[in-house]
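What follows is a short report on a single structure.
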Amino acid sequence: MVNIGVLISGSGTNLQAIIDEIDRGRIKGRIKLVLSNRKDAYGLERARKAGIEALYIDKRAFNSEEEYNRKLIDELTKKEVELVVLAGYLKILSEEFIERYRGRIINIHPSLIPSFCGKGCYGDKVHQMVLDSGVKITGATVHFVDEGTDTGPIVLQRAVEVKDDDTVESLKERVLKVEHELLPEAIRLFCENRLIIEGKKVRIKWE
Ligand code: GRF
């Protein structure tokens with residue numbers, strides 16, 4: 001059983017998808033801790049309803065990003081977390097954090113990386129950029145996290161068609177549906193030790 005820590009900043013629908021897949025017995029892992037940089041993140045409520053320890057950590061209580069990240073590391077270390085999942089976590093991790101959990105941090109992004117990603121590309125902005133660009137296909141990506149923003153080796157991707165009458169809301173809804181399948185799937189593969197990072201690529205050991 002892999003100990004999982006989930007970092008969130010918002011509603012937590014991806015967190016809920018992970019909780020539900022664990023409840024269905026499809027993931028050889030357990031969520032030991034949920035951390036949020038936002039007090040009003042509904043994801044904290046979802047965790048508590050599922051009986052999972054959930055902490056809001058106020059960045060303002062720390063003198064630097066490094067100190068704040070060290071606090072995150074301390075809490076995750078206390079719970080012996082082996083896999084860190086960024087599920088709508090909107091802060092950049094410190095180099096110390098990435099070094100500490102290298103190859104064991106995954107993130108979900110609501111586009112087909114390397115399109116519509118990088119600094120400043122998060123949440124509704126991504127879907128607005130997709131609509132403004134006129135592309136016909138978008139999607140979601142799960143990737144390992146490295147020092148860059150959305151640049152780590154890609155684990156899984158799935159495409160979503162962009163419809164002519166799409167709005168940010170309608171597109172986001174369809175992409176989220178795919179995210180809720182893709183992220184638990186990536187976690188399942190990690191927990192079954194079937195992901196092999198080879199440079200910029202991830203190879204999946206099929207059964
Ligand atoms: C998701 O679209 C995720 O890809 C992005 O932030 C959103 C978070 O949604 N990084 P939720 O909090 O999991 O509902």
Side-chain angles (χ1 to χ4, degrees), residues 4-23 27 29 31 33-50 52 54-57 72 83-93 97-98 101 105-133 135 137-146 148-162 166-188 190:
I4 302 167
V6 183
L7 275 55
I8 62 164
S9 298
S11 156
T13 65
N14 277 290
L15 166 63
Q16 191 66 56
I18 304 165
I19 291 171
D20 297 346
E21 274 295 271
I22 289 175
D23 287 350
I27 293 177
I31 302 176
L33 185 63
V34 171
L35 296 173
S36 175
N37 64 311
R38 297 254 178 96
K39 196 174 188 175
D40 59 354
Y42 184 66
L44 291 168
E45 200 49 41
R46 293 179 192 274
R48 290 171 186 141
K49 281 190 178 141
I52 300 166
L55 298 176
Y56 155 59
I57 302 186
L72 300 180
L83 172 64
V84 177
V85 176
L86 308 185
Y89 182 66
L90 300 180
K91 283 180 70 62
I92 301 289
L93 297 173
F97 192 116
I98 291 166
Y101 289 100
I105 314 169
I106 61 174
N107 178 47
I108 179 92
H109 183 78
S111 79
L112 292 176
I113 292 175
S115 300
F116 311 109
C117 67
K119 281 211 167 47
C121 290
Y122 56 84
D124 289 3
K125 275 192 218 165
V126 176
H127 303 300
Q128 188 61 61
M129 290 164 73
V130 166
L131 292 175
D132 293 347
S133 75
V135 295
I137 297 283
T138 183
T141 303
V142 178
H143 63 94
F144 281 103
V145 174
D146 62 10
T149 306
D150 305 326
T151 55
I154 292 171
V155 178
L156 293 173
Q157 290 188 300
R158 196 165 301 152
V160 172
E161 186 201 349
V162 181
D166 258 329
T167 61
V168 166
E169 278 314 310
S170 63
L171 183 58
K172 180 164 98 175
E173 203 179 309
R174 286 204 315 287
V175 172
L176 266 175
K177 269 209 184 78
V178 166
E179 293 182 45
H180 297 163
E181 294 163 6
L182 219 58
L183 186 53
E185 174 68 3
I187 294 169
R188 184 177 71 79
F190 182 95

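Note that ligands are numbered from 1 as they come in the structure, with each ligand's atoms numbered from 1 the same way.
In this structure, the protein non-hydrogen atom closest to atom 14 (O) of ligand 1 is Thr13 OG1, 2.5 Å. With respect to atom 8 (C) of ligand 1, the closest heavy atom belonging to the protein is Gly88 CA, 3.6 Å.
Using a 4.0 Å cutoff on heavy atoms, Gly43 does not count as a contact of ligand 1. Heavy atoms of Ile108 approach ligand 1 to within less than 4.0 angstrom.
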Query - Chi angles and distances behind the side chain to side chain contact (heavy atoms under 4.5 Å, CB included) call for Ile113, Thr151 - result: CA-CA 8 Å; Ile113 292 175; Thr151 55; over 6 Å; no

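The distance from atom OH of Tyr56 to atom CG of Asn37, rounded to the nearest 0.5 Å, is 8.0 Å. In this structure, the separation between NE2 on His180 and CD1 on Ile108 is 8.5 Å, given to the nearest 0.5 Å. Expressed to the nearest 0.5 Å, how far CG of Leu15 lies from CZ of Arg46 amounts to 7.5 Å.
A donor-acceptor contact under 3.5 angstrom links the side chains of Gln128 and Asp132, judged on distance only.
The residue from Val178, Asn14, Asp150 that puts a heavy atom closest to atom 13 (O) of ligand 1 is Asn14.
At least one N or O atom of Gly12 sits closer than 3.5 Å to an N or O atom of ligand 1.
A salt bridge is defined here as a Lys NZ or Arg NE, NH1 or NH2 lying under 4.0 Å from an Asp or Glu carboxylate O, and Arg158 with Glu181 meets this definition.
If you look at Glu179 next to ligand 1, the close heavy atoms, those under 4.0 Å, all belong to the side chain.
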